[in-house]
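Letters A, B, ... mirror the listed sequences (proteins, then strands); counts begin at 1.
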Protein chains: 2
Amino acid sequence: MKQKILVVDDESETVELVAFNLKQAGYDVISAADGEEALKKAKAQLPALVVLDWMLPEMEGVEVCKLMRRDSATAGIPVIMLTAKASEIDRVLGLELGADDYLTKPFSPRELVLRIKKILERKKSKDADVQSLTMGELTIDVPRHLASWKGKKIDLTATEFKLLTLLVQRRGRVQSRDQLLRDVWEYDSMIDTRTVDTHMRRLREKLGPAAKFLDTVRGVGYRFVE
Amino acid sequence: MKQKILVVDDESETVELVAFNLKQAGYDVISAADGEEALKKAKAQLPALVVLDWMLPEMEGVEVCKLMRRDSATAGIPVIMLTAKASEIDRVLGLELGADDYLTKPFSPRELVLRIKKILERKKSKDADVQSLTMGELTIDVPRHLASWKGKKIDLTATEFKLLTLLVQRRGRVQSRDQLLRDVWEYDSMIDTRTVDTHMRRLREKLGPAAKFLDTVRGVGYRFVE
DNA sequence: CGCAAGTGTTACGAACGGGTGACAACATAC
DNA sequence: GTATGTTGTCACCCGTTCGTAACACTTGCG
């Protein structure tokens, strides 16, 4: 499954040059010639990354970048700016615009490909970290502290949420009660291991049909199965 | 403990060049001049990686690679292909052959060493991740606490699982009942050694056809054979 | 063959592990 | 203050699992 990259520039030569090199590097390329088209395609096709020319007719590249950041659908997409003015670099990378990298024209296509790879790689490892976890119909939004089953919210207490999150993060692998105590209750915990059982029960109660994911491995511990 | 690398090429100059550089880099090097010898040594010595020339007398390197992939003993060993034809690269890396990397001749020995390091590093972190033992059709996934035969799950109790895992980990070597008691039941179990027999029996029952791997060594103990 | 030691097989009571309901100790909200 | 929610603990219950003993079978040996 190739990653899609949107190239935005009004000069068709630049677009072609970039597109050729990116295709060579194994990416899917779509392009846009002006800001409006760029925004539309970005929102409709959700590329993995956008290469954006600073100077665009009518709506400036700057504007496109800002608007992309404002729309939650495109806010997370990395942007690389192409610019002729070295003096604008600070603004490009600053918070105002939030581009992820830049290149000054004329640029080497090879260099561009390398930077794209780097950014996508970084993003990938970050995504794996943050994780709003989705297990079929079960969703866990870690930063927001929300869990839901088939779109319906599940009310969980803090410990229950932590416990569930941990099990999901280590899905498949069996976790012993000691391990769970260490990682959910933080270490020390002079807490009885049977307490874990009680919490598992409460979790199962609240999860309802989704409780089938919580697997007991007798003599060992608990496990989240898909 | 040095990692062993098998270098396969019919030109002794190439072999020597590669061997010299690999030894310099801290690897143990064994070599083979043709496909048949390569397969034999690969299977017998289980090197950490194989450097394979595309062109070999009689049996092509391609063939060696395919056959290695087919044998479960060597299927997991990474292969780096040396080739003169840039046009064949896709095939080399594709699913058909499953080589892990390639270099076109003439190549820089330095480059080769770097790639080997990279591949072995990648493999290492991967192996640490999936701690599953595969013995032909029998698979034991320790962290998931799952055992299966020909893809079908086998329900084992905690002790049975431990016992099986231990035997598999020490496959080939006979384990006395005392040893098994110590290592599976932990501490100085005051347990009767005959208990082991009972558990072996239960294991064999549950394993069904896979029970043939569990070997009794009269007067000594038990052993897992391939 | 006959014996003894080693191993397989069977059966069973006891112990264990985990589900469950109840409850006290808190914390928090009202 | 009361009401409510959360959390750790306990006691009880039940099915599973385990260890053992008794018995049957196999093997090696004189």
Side-chain angles (χ1 to χ4, degrees), chain A residues 145-147 153-167 174-225, chain B residues 145-147 153-167 174-225:
Chain A
H145 223 268
L146 290 175
K153 196 181 147 203
I154 304 172
D155 259 330
L156 296 179
T157 68
T159 2
E160 283 157 8
F161 189 85
K162 256 200 209 169
L163 180 59
L164 178 60
T165 304
L166 204 95
L167 284 168
V174 180
Q175 306 293 308
S176 73
R177 291 178 174 67
D178 281 316
Q179 239 169 332
L180 291 171
L181 276 179
R182 262 204 310 283
D183 297 342
V184 175
W185 280 257
E186 330 278 66
Y187 44 168
D188 295 345
S189 57
M190 307 303 293
I191 293 175
D192 193 90
T193 54
R194 290 306 309 278
T195 300
V196 177
D197 296 36
T198 305
H199 279 273
M200 286 301 292
R201 182 194 57 195
R202 288 172 184 153
L203 243 186
R204 283 173 169 154
E205 250 168 38
K206 292 192 181 176
L207 286 184
K212 66 182 178 201
F213 292 126
L214 299 177
D215 208 355
T216 305
V217 182
R218 195 184 163 85
V220 187
Y222 294 98
R223 171 177 60 183
F224 189 98
V225 291
Chain B
H145 220 266
L146 289 174
K153 195 180 144 204
I154 304 172
D155 259 331
L156 297 179
T157 68
T159 9
E160 283 157 8
F161 190 86
K162 257 199 210 168
L163 180 59
L164 178 61
T165 304
L166 204 96
L167 285 168
V174 182
Q175 305 294 309
S176 73
R177 291 178 174 70
D178 282 315
Q179 238 169 331
L180 291 171
L181 275 179
R182 260 205 310 284
D183 297 340
V184 175
W185 279 256
E186 268 141 53
Y187 37 43
D188 333 290
S189 46
M190 310 306 302
I191 294 174
D192 194 283
T193 54
R194 289 304 310 280
T195 300
V196 178
D197 296 35
T198 306
H199 278 276
M200 286 301 294
R201 193 198 139 271
R202 288 175 182 149
L203 242 186
R204 283 174 170 153
E205 209 171 61
K206 292 192 180 175
L207 287 184
K212 67 183 177 199
F213 292 126
L214 299 176
D215 206 358
T216 305
V217 182
R218 194 183 166 84
V220 189
Y222 295 96
R223 170 176 61 178
F224 189 98
V225 291

Rounded distance in Å - CD (A/E205) to P (C/dG19) = 12 Å

Can you tell me the distance, in whole Å, between the CD1 atom of B/I191 and the P atom of D/dT17?
-> 17 Å

Rounded to whole angstroms, how far apart are CZ on A/R201 and C1' on D/dG8?
-> 12 Å

Within the structure, does a side-chain N or O atom of B/T157 lie under 4.0 Å from either OP1 or OP2 of D/dT17?
-> no

B/T216 side chain near C/dG8 phosphate (N/O to OP1/OP2, under 4.0 Å) | yes

First of A/R202 and A/R194 reached from the 5' end of DNA chain D, by closest nucleotide = A/R202

Could you tell me whether B/D183 and B/K162 have a side-chain N and a carboxylate O separated by less than 4.0 Å?
-> no

Take atom CG of A/D155 and atom P of D/dT4, then tell me their distance rounded to the nearest Å.
-> 17 Å

Sidechain-backbone polar pair: A/Q179 side chain, A/S176 backbone, donor-acceptor under 3.5 Å | yes

Rounded interatomic separation in angstrom, taking CD from B/Q175 and C1' from C/dT7 = 18 Å

Atom CG of B/D192 and atom P of C/dG6: how far apart are they, to the nearest Å?
-> 13 Å

Taken to the nearest whole Å, CG/A/L180 to C1'/C/dG18 is 14 Å

With sequence neighbours excluded, what pairs up with B/R218 under the side chain to side chain contact (heavy atoms under 4.5 Å, CB included) test?
-> none

Any ion pair linking A/R202 and A/E160 (charged N to carboxylate O, less than 4.0 Å)?
-> no

Look at the side-chain N and O atoms of B/T195 and state whether any lies under 4.0 Å from the OP1 or OP2 oxygen of D/dT20.
-> yes

For A/L203, which of A/I154, A/T198, A/L163 qualifies under side chain to side chain contact (heavy atoms under 4.5 Å, CB included)?
-> A/L163

Report the distance from atom NE2 of A/H199 to atom P of D/dT6, rounded to the nearest whole Å.
-> 11 Å

Ignoring hydrogens and angles, are the base of D/dT16 and the side chain of A/R218 linked by a donor-acceptor pair under 3.5 Å?
-> yes

Respond yes when some side-chain nitrogen or oxygen of A/Y222 is under 4.0 Å from OP1 or OP2 of C/dG17, and no when none is.
-> no

With sugar-phosphate meaning primed atoms plus P, OP1 and OP2, does B/V196 contact a base, only sugar-phosphate, or nothing at under 4.0 Å between heavy atoms?
-> nothing

Does B/R177 make a side-chain N or O approach to OP1 or OP2 of C/dT7 shorter than 4.0 Å?
-> yes

Looking at A/W185, does any N or O in its side chain come under 4.0 Å of the phosphate oxygens OP1/OP2 on D/dT7?
-> no

